[in-house]
Amino acid sequence: MDYKTLLNDEQYVAVKCVDGPVLVSAGAGSGKTRLLTYRIAYLITECGVPAHKILAITFTNKAAGEMKDRITRVAPDGDLVTVSTFHSFCARMLRSYVSFLPDYRENFTIYSEADTAKIFKDIFKRLKIEDESTKSDYKYNLSVIKNDNMTIDEYCNINRYSYDINTFKQFYLAYQDELKKNNAMDFDDLLINFYKLISSNQQVLDSIQAKYTYFSVDEFQDTNKLQYDIIKLLASKTRNLLIVGDEDQSIYGWRGANIGNIFSFTKDFPEAKVFKLQQNYRSTKKILDRANAIIKHNTKRLDKVLFTANDDGKDVEYYPAYSETDEADFVVSNIIAKHNGGVPYNEIAILMRLNALSRVFEEKLLTYNIPHIMYNGFKFFERAEIKSVLAYLTILTNPTDDVSFMRIINFPKRGIGDTSIEALNYVASGLKTSLYDVVLTYEQHNFKPALAGKLKELKALIIDLKQKMEEMDMYTFFTYLLKESKITSAFDLDNEQEYERYLNVNSLSNSVKEFAENNPSATIVDYLQSVTLSSNADEDDGKGVVIATVHGAKGLEFNTVFVVGCEEGIFPINRDEKDDLEEERRLMYVAITRAQKELYLTSSSQRFRYGKTEYSPKSRFLYELDLVKDRKINSGIKSYNRNNLGGDMNKLQSNNHQTFNYTFSKNTVEKKEIDYSKIKVGARVSHPKFGDGVISEITPNSSNHAVKIKFDTVGEKMLSLEYAPIEFKD
């Protein structure tokens with residue numbers, strides 16, 4: 001095999017360096033998987049290393065399978081190479097050496113997240129821990145202890161939290177005792193028990209080191225301290241350890257990944273040879289210029305500059321939208337243009353820092369009948385917290401819906417557990433009535449005093465909401481519901497996942513506001529019907545526009561990428577520490593380097609958040625990218641403003657007035673032919689998703705015939721007849 005021809009100069013030199021420790025800092029799109037594959041092939045074909053002596057670690061089962069397939073295709077006996085994730089390798093070794101584990105027996109169980117959740121629930125009940133924020137902290141810090149390879153005493157001595165540390169210690173020990181009693185390990189235990197085994201038993205370590213003499217780890221920037229300790233110990237005898245990673249793409253600090261491992265490697269292995277893969281095969285030169293511009297502001301990195309032999313490509317484009325709707329209109333108009341120009345939908349991605357931003361894009365894509373998928377996540381109206389909030393509206397309009405009632409009965413947490421729910425279901429079943437009726441007549445049933453007290457509060461809430469629903473307008477009532485049910489105060493805003501759920505509920509509030517403004521006479525039932533259409537959209541076939549968070553898009557690439565929500569507080573999210581800001585910057589770098597041909601960044605000067613319209617400053621990253629200078633759009637970068645888009649864009653949407661300015665980038669989108677004589681108030685039309693409707697209003701001076709259509713089933717929506725999939729009915 002001619003490796004020199006198969007690899008570029010940087011890759012070739014690294015592949016040939018087979019003995020001793022090697023660090024490869026591989027830039028985005030630089031062919032690191034190719035390097036790993038051919039390096040293993042080189043060991044087998046040129047160095048005579050038996051395939052079964054090679055251990056290759058990667059981070060997902062999918063990546064492990066793909067690498068194994070590649071190795072098998074290019075190297076004899078490639079199927080004998082051990083390619084595995086850390087967890088899978090540790091599990092296999094623990095089963096092989098289970099007799100050396102003092103606290104475990106043969107055929108131990110590996111607990112899933114659902115299994116551990118049940119144990120957590122029982123222990124919280126036993127310790128009388130009810131606060132959701134405390135529960136979240138306990139579970140998170142339990143994992144931190146294990147991933148940082150610490151004892152509970154070490155952790156308690158160096159950490160101080162608002163909760164009682166002694167209670168946390170009881171929780172930790174009770175959880176570990178429960179696992180041992182059941183002869184079970186959780187995912188973290190697989191790592192920590194394996195490390196304990198090889199660090200305390202020389203016989204076992206010698207045996208494994210006799211099996212493997214060459215080691216490699218992919219995505220090294222995503223390793224935690226414990227994973228690094230494991231591979232460092234395994235390779236301590238031969239020191240034949242190759243690590244490949246990109247410190248500029250370390251974006252998982254919140255789940256334990258330690259970017260410091262890359263820098264520790266050169267201290268622990270001072271003889272290590274360091275190589276940089278800087279030639280990018282994915283993106284155009286102009287996209288890479290932006291990537292280099294942003295990441296150079298970080299200090300925790302090995303200095304490298306991406307370059308490419310690809311074309312210069314198109315300028316990176318920035319659009320400063322004046323509202324969320326304007327931002328979504330810009331993105332969707334360009335998606336239509338790209339697709340009309342031959343770009344498949346699945347080669348286009350909308351990337352965001354927080355998935356709470358997805359709703360307006362999902363709804364806009366649905367409006368224009370553009371197929372789309374949520375990558376590595378749920379569509380907006382399918383998210384658990386959204387379904388639970390909507391269940392309140394459903395119960396108030398359809399009290400017999402027990403499925404919806406089960407969603408609200410303990411959301412937010414009000415101490416009505418499984419046993420109590422069983423008691424309620426028993427009564428409802430016996431009387432052949434709904435759970436709603438049982439709660440509203442709880443005094444007539446023999447419930448225990450503790451449960452009766454909780455049902456009294458729930459009944460009072462339901463009666464109050466039912467009354468206010470009749471008295472208030474839709475949006476005012478929805479705001480009242482969120483406050484009185486204590487939904488908005490139930491989220492731990494210091495926890496990023498909880499914060500995103502909070503923002504999702506906030507986005508739902510905006511959805512209600514928009515629907516109410518567009519449909520002044522509509523009811524809550526009308527809104528729920530509209531939402532059902534959105535949540536029951538056709539399932540994707542893998543051919544739709546991808547909507548994803550930047551975390552979810554890591555490892556993917558697309559012809560065209562839109563990075564949306566580039567505002568302070570969103571991207572970057574509010575962070576206090578310098579290290580956190582550097583991780584946010586790495587996230588932007590990852591987002592940019594997903595793009596192959598075209599890259600767009602957008603921001604919105606105002607967003608409806610926390611019940612009011614807020615004005616957001618542009619992201620500092622736009623300045624670092626040189627897309628915005630001195631708070632003005634850089635004339636050297638191709639950009640858009642309101643004056644070169646179709647329609648009257650001079651009026652900003654205020655808090656109290658809604659403008660009907662509907663715009664698309666008229667120079668880029670291929671318009672469809674329409675019969676202008678049919679555009680009139682009262683004309684009947686048909687939409688493939690929304691069904692039949694009638695034009696109720698025509699926007700004055702609209703260059704693309706923006707009209708309001710009152711649909712028979714989903715209320716009123718603003719559409720551009722020149723781009724929407726609308727047919728006039730005779």
Side-chain angles (χ1 to χ4, degrees), residues 1-27 29-90 92-93 208-223 227-228 230-246 261-262 265 269 271-277 279 281 555:
M1 200 174 338
D2 187 354
Y3 291 95
K4 192 167 181 59
T5 302
L6 293 167
L7 304 164
N8 66 33
D9 292 343
E10 293 174 324
Q11 294 167 338
Y12 180 65
V13 174
V15 160
K16 287 185 64 180
C17 187
V18 295
D19 293 322
V22 177
L23 164 62
V24 177
S25 179
S30 62
K32 66 178 179 61
T33 304
R34 187 176 186 83
L35 178 143
L36 283 163
T37 301
Y38 281 108
R39 202 240 191 191
I40 291 172
Y42 188 86
L43 285 171
I44 297 170
T45 61
E46 303 299 320
C47 303
V49 177
H52 65 270
K53 290 278 191 179
I54 302 171
L55 171 62
I57 297 291
T58 189
F59 261 77
T60 66
N61 290 318
K62 180 182 178 183
E66 291 174 350
M67 184 176 289
K68 187 68 173 279
D69 288 342
R70 290 191 184 196
I71 294 169
T72 301
R73 287 198 299 269
V74 301
D77 297 327
D79 58 318
L80 300 180
V81 175
T82 299
V83 185
S84 177
T85 64
F86 270 106
H87 290 89
S88 295
F89 177 74
C90 290
R92 189 162 74 250
M93 292 296 102
I208 297 174
Q209 288 178 332
K211 290 176 184 284
Y212 301 105
T213 56
Y214 283 85
F215 306 85
S216 67
V217 181
D218 191 12
E219 303 286 5
F220 192 75
Q221 77 279 350
D222 294 334
T223 55
Q227 289 164 334
Y228 178 48
I230 287 171
I231 199 66
K232 183 171 62 174
L233 188 52
L234 290 178
S236 61
K237 184 175 182 178
T238 65
R239 301 181 77 79
N240 294 329
L241 173 58
L242 166 72
I243 67 166
V244 180
D246 183 7
N261 287 345
I262 285 183
F265 181 81
F269 297 89
E271 76 275 28
K273 295 182 175 62
V274 179
F275 301 96
K276 300 175 185 177
L277 300 188
Q279 182 171 357
Y281 292 92

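Note that this is a predicted model, so its numbers are computed, not measured. What's counted below: heavy atoms across the whole structure, side chains too, no hydrogens, waters or symmetry copies. Position 1 is the first residue of the sequence, and the numbers go up from there.
For the pair Q221/I262, a side-chain contact is recorded, criterion being any heavy-atom separation below 4.5 Å from C-beta on. Side-chain atoms of S88 and N61, non-hydrogen and from C-beta on, do get closer than 4.5 Å to each other. You'll find the side chain of K16 stays beyond 4.5 Å of the side chain of K4, heavy atoms only. Contact check for N261 versus I243: no side-chain heavy atoms found under the 4.5 Å cut-off. A heavy-atom distance below 4.5 Å is not found between the side chains of R34 and Y281. Side chains of R39 and V22 form a contact here, defined as non-hydrogen atoms less than 4.5 Å apart. Side-chain contact check for K276 versus S30: every heavy-atom pair is 4.5 Å or farther apart. No side-chain heavy atom of V18 sits under 4.5 Å from any side-chain heavy atom of V49.
Annotation: the span from Q209 atom CD to L55 atom CG amounts to 12.0 Å, rounded to 0.5 Å. Rounding to the nearest 0.5 Å gives a distance of 6.0 Å between CG of L36 and CG of L242. To the nearest 0.5 Å, the span separating CE on M1 from CG on L7 amounts to 9.5 Å. Note: L35 CG to I40 CD1 = 10.0 Å, rounded to the nearest 0.5 Å. Once rounded to the nearest 0.5 Å, the distance linking OG1 of T58 with CD of E66 reads 9.0 Å. Distance CG/L241 to OG/S216: 8.0 Å, rounded to 0.5 Å.
Between the side chain of K68 and the backbone N or O of V81, at least one donor-acceptor pair lies under 3.5 Å. Proximity of a side-chain donor or acceptor of D246 to a complementary backbone N or O of S25 within less than 3.5 Å is not detected. Counting only distance, with no hydrogens or angles, the side chain of S84 and the backbone of F89 share a donor-acceptor pair below 3.5 Å.
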Derivation and outcome, side-chain contact (heavy atoms from CB on, under 4.5 Å), residues T223 and F59: CA-CA 9 Å; T223 55; F59 261 77; 3.6 Å; yes
Derivation and outcome, side-chain contact (heavy atoms from CB on, under 4.5 Å), residues Y228 and V217: CA-CA 10 Å; Y228 178 48; V217 181; over 6 Å; no
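The salt bridge (charged side-chain N to carboxylate O under 4.0 Å, His left out) test applied to R92 returns no partner, not counting sequence neighbours. Shown here are the side-chain contact (heavy atoms from CB on, under 4.5 Å) partners of V274, two or more places apart in sequence or in another chain: L23, T266. Residues meeting the salt bridge (charged side-chain N to carboxylate O under 4.0 Å, His left out) test with K32, sequence neighbours left out: D218, E219. Considering only residues two or more places apart in sequence or on other chains, K232 meets the salt bridge (charged side-chain N to carboxylate O under 4.0 Å, His left out) condition with D229, D268. For Y38, the side-chain hydrogen bond (donor to acceptor under 3.5 Å, both in side chains) test picks out no residue, with sequence neighbours left out.
Enclosure of atom NZ in K273 is not indicated, since only 12 or fewer non-hydrogen atoms of other residues, nucleotides or ligands lie within 6.0 angstrom.
Heavy-atom minimum distance, A75 versus I44: CB-CD1, 4.0 Å. When all heavy atoms of V24 and A14 are compared, the closest pair comes out as CG2-CB, 4.2 Å. Nearest approach of T72 to G78, heavy atoms of both residues: OG1-C, 3.9 Å. Nearest heavy atoms, N240 versus G20: OD1-N, 2.8 Å.
Applying the side-chain hydrogen bond (donor to acceptor under 3.5 Å, both in side chains) test to pairs two or more places apart or on separate chains, those with a residue in residues 40-57 are Y3-T45.
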